[in-house]
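Here the structure is laid out as structure tokens; the discussion comes afterwards.
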Protein chains: 2
Amino acid sequence: MTEKTRAREEGLHRSDNRRQELMAAAAYLFNQRGYDATSMRDIAREAGMLAGSMYYHFSSKEDLIVATYEEGKRLISTAVLEATDGVEDPWERLTQAAIAHMNTLFGGNNFSILLCADISRTAPTLRSRLIEIRDSYDKLFMDLIEDLPLADDIDKGLLRLNLLGSLNWSTSWYRPGGQTPAQIGAFFVRVMRDGLA
Amino acid sequence: MTEKTRAREEGLHRSDNRRQELMAAAAYLFNQRGYDATSMRDIAREAGMLAGSMYYHFSSKEDLIVATYEEGKRLISTAVLEATDGVEDPWERLTQAAIAHMNTLFGGNNFSILLCADISRTAPTLRSRLIEIRDSYDKLFMDLIEDLPLADDIDKGLLRLNLLGSLNWSTSWYRPGGQTPAQIGAFFVRVMRDGLA
DNA sequence: GGTCCTAACAAACAGTTGTTATAATGACTG
DNA sequence: CAGTCATTATAACAACTGTTTGTTAGGACC
């Protein structure tokens with residue numbers, strides 16, 4: 001049985017592989033230069049293809065962007081859910097979530113970092129699609145913070161933005177060599193819990 | 001004495017006004033759509049001019065971007081320095097700096113917010129020019145944090161990134177109506193100092 | 001009045017953009 | 001071997017990009 005035949009029987013076509021390759025190439029370039037500065041020709045070249053051919057796999061650039069964004073959300077959501085699974089203590093759950101968040105961001109996959117890019121300046125139609133995807137990830141953190149034992153006067157929404165701001169902003173400065181992503185994530189949660197004074 | 005003559009005597013040309021108008025139009029659009037998605041024709045139209053005419057005032061789009069960015073740094077630096085001037089207590093100094101930072105960002109000037117945009121994906125030659133400008137602002141916060149009475153094992157560089165991350169990230173979600181910018185800034189510093197548990 | 005400078009317009013430049021229509025390739029099927 | 005279908009190449013499209021050029025109107029200065 002040839003490889004092709006087996007793939008066919010499993011409902012997989014060659015296009016499924018190429019589709020993944022295109023998404024990987026796109027995510028790589030999106031991270032490097034942003035959506036606007038990455039042309040369809042750039043992505044095609046990176047994947048060893050011509051620009052027109054990509055439209056067999058994705059019907060528009062916007063759909064390709066959304067696909068990579070969604071893949072990023074899928075990967076980081078899975079990682080955070082796995083990391084908190086079975087952990088009881090609320091603060092420990094948040095710590096493990098932050099660590100998993102950071103490890104996924106800087107663990108080599110080019111998809112998840114896309115969720116940390118500021119999309120407030122992207123075109124409205126695309127933006128609304130991306131917001132919906134990211135909100136479903138942010139909800140994980142909202143739930144984690146909801147479970148924290150806090151004083152009544154603490155704005156939990158603001159607290160989530162506080163933590164996610166620090167975590168996400170790290171994508172604009174983090175370089176390997178200093179503290180590890182896990183150490184950074186744990187540090188931010190610890191400061192938030194214990195304070196400094 | 002005509003208006004033109006007085007302007008001339010003060011060393012001001014009409015071009016100085018138009019230059020400011022161009023920068024204001026550019027900053028407005030840069031905030032709305034980002035650098036790449038804002039064309040020179042967009043800016044010119046916003047300022048009531050034709051695209052080619054702008055090259056009398058700025059020799060390139062990159063120079064115009066840098067000029068707006070620098071103006072933003074000038075405004076927010078002044079605000080933070082004034083807010084901390086004469087304040088003694090290190091934590092209170094940081095609190096006042098955070099409040100001034102937020103008040104300037106959301107106080108209606110379109111320049112300062114530009115400093116909070118993630119520039120890690122902008123073209124290298126432009127990026128290096130912007131980094132240099134922003135670093136000179138970040139230094140203000142580095143100094144403020146350096147003066148905090150902290151345990152020896154606290155990474156002060158990481159602490160600055162922690163706070164600036166939260167503050168800067170607010171530009172991607174803040175909308176008028178909830179907590180004021182000043183309240184948000186003060187909250188982030190208070191959580192950092194006192195913790196939650 | 002002649003000359004110079006400021007400031008803007010008008011039109012074009014070459015290159016790039018996302019996208020589309022059509023044709024070619026090539027592997028599997030019967 | 002002929003036919004089918006998935007996948008890619010080719011070539012073109014109109015629109016837009018930053019920038020340059022030649023020109024012009026108007027005021028200031030000697």
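Each chain gets a letter, A, B and so on, in the order its sequence line appears, and its residues count up from 1.
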Whole-Å distance separating the [atom1] atom of [X] from the [atom2] atom of [N]:
| X | N | atom1 | atom2 | value |
| --- | --- | --- | --- | --- |
| A:N17 | D:dT7 | CG | P | 9 Å |
| A:D42 | C:dT16 | CG | P | 10 Å |
| A:M40 | C:dT16 | CE | P | 17 Å |
| B:E62 | D:dT19 | CD | C1' | 14 Å |
| B:L50 | D:dC16 | CG | P | 16 Å |
| A:L22 | D:dT7 | CG | P | 12 Å |
| A:R45 | D:dA9 | CZ | C1' | 16 Å |
| A:Y55 | C:dT22 | OH | C1' | 17 Å |

Looking only at side-chain N and O atoms, does B:T38 offer a donor or acceptor that is under 3.5 Å from a partner on B:D42?
no
Heavy atoms of B:I119 and B:Y69 approach each other most closely as CD1-OH, 3.9 Å
For DNA chain C, whose closest nucleotide is more 5', that of A:S59 or that of A:A37?
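Comparing both residues, the 5'-ward one is A:A37.
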Show which side-chain atoms of residues 181-193 of chain A pair as donor or acceptor with protein atoms under 3.5 Å away, not counting sequence neighbours.
from	atom 1	to	atom 2	distance (Å)
A:Q183	OE1	A:T180	N	2.9
A:Q183	OE1	A:T180	OG1	3.4

Do the side-chain N or O atoms of [X] get closer than 4.0 angstrom to the phosphate oxygens (OP1, OP2) of [N]?
| X | N | result |
| --- | --- | --- |
| B:S53 | C:dC9 | yes |
| A:R18 | D:dT7 | no |
| B:H57 | C:dT6 | no |
| A:S39 | C:dT17 | yes |

So, the side chain of B:N31 versus the backbone of B:N110: is there a donor-acceptor pair under 3.5 Å, distance only?
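Yes.
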For residues 151-160 of chain B, dump all side-chain donor-acceptor pairs below 3.5 Å to protein atoms at least two apart in sequence or in another chain.
from	atom 1	to	atom 2	distance (Å)
B:D155	OD1	B:G157	N	3.0
B:D155	OD1	B:L158	N	3.0
B:D155	OD2	A:Q179	NE2	3.0
B:K156	NZ	B:E146	O	3.2

Can you tell me which nucleotide in D:dT8, C:dT19, C:dT6 comes closest to the side chain of A:K61?
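The answer is C:dT19.
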For the side chain of A:Y56, counting heavy atoms from C-beta on, which of C:dT6, D:dA9, D:dA6 is nearest?
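The nucleotide sitting nearest to the side chain is D:dA6.
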Calculate, to the nearest 0.5 Å, the distance between atoms CZ and CG belonging to B:F141 and B:L94 respectively.
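Going from CZ on B:F141 over to CG on B:L94, the span is 6.5 Å.
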Between B:Y35 and B:F30, what is the ring plane arrangement, given parallel below 30°, perpendicular above 60°, and tilted in between?
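Answer is perpendicular, since the angle exceeds 60°.
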Taking only N/O atoms, report every protein-nucleotides 12-14 of chain C pair under 3.5 Å with atom names and distance.
from	atom 1	to	atom 2	distance (Å)
C:dA12	N6	B:R41	NH2	3.3

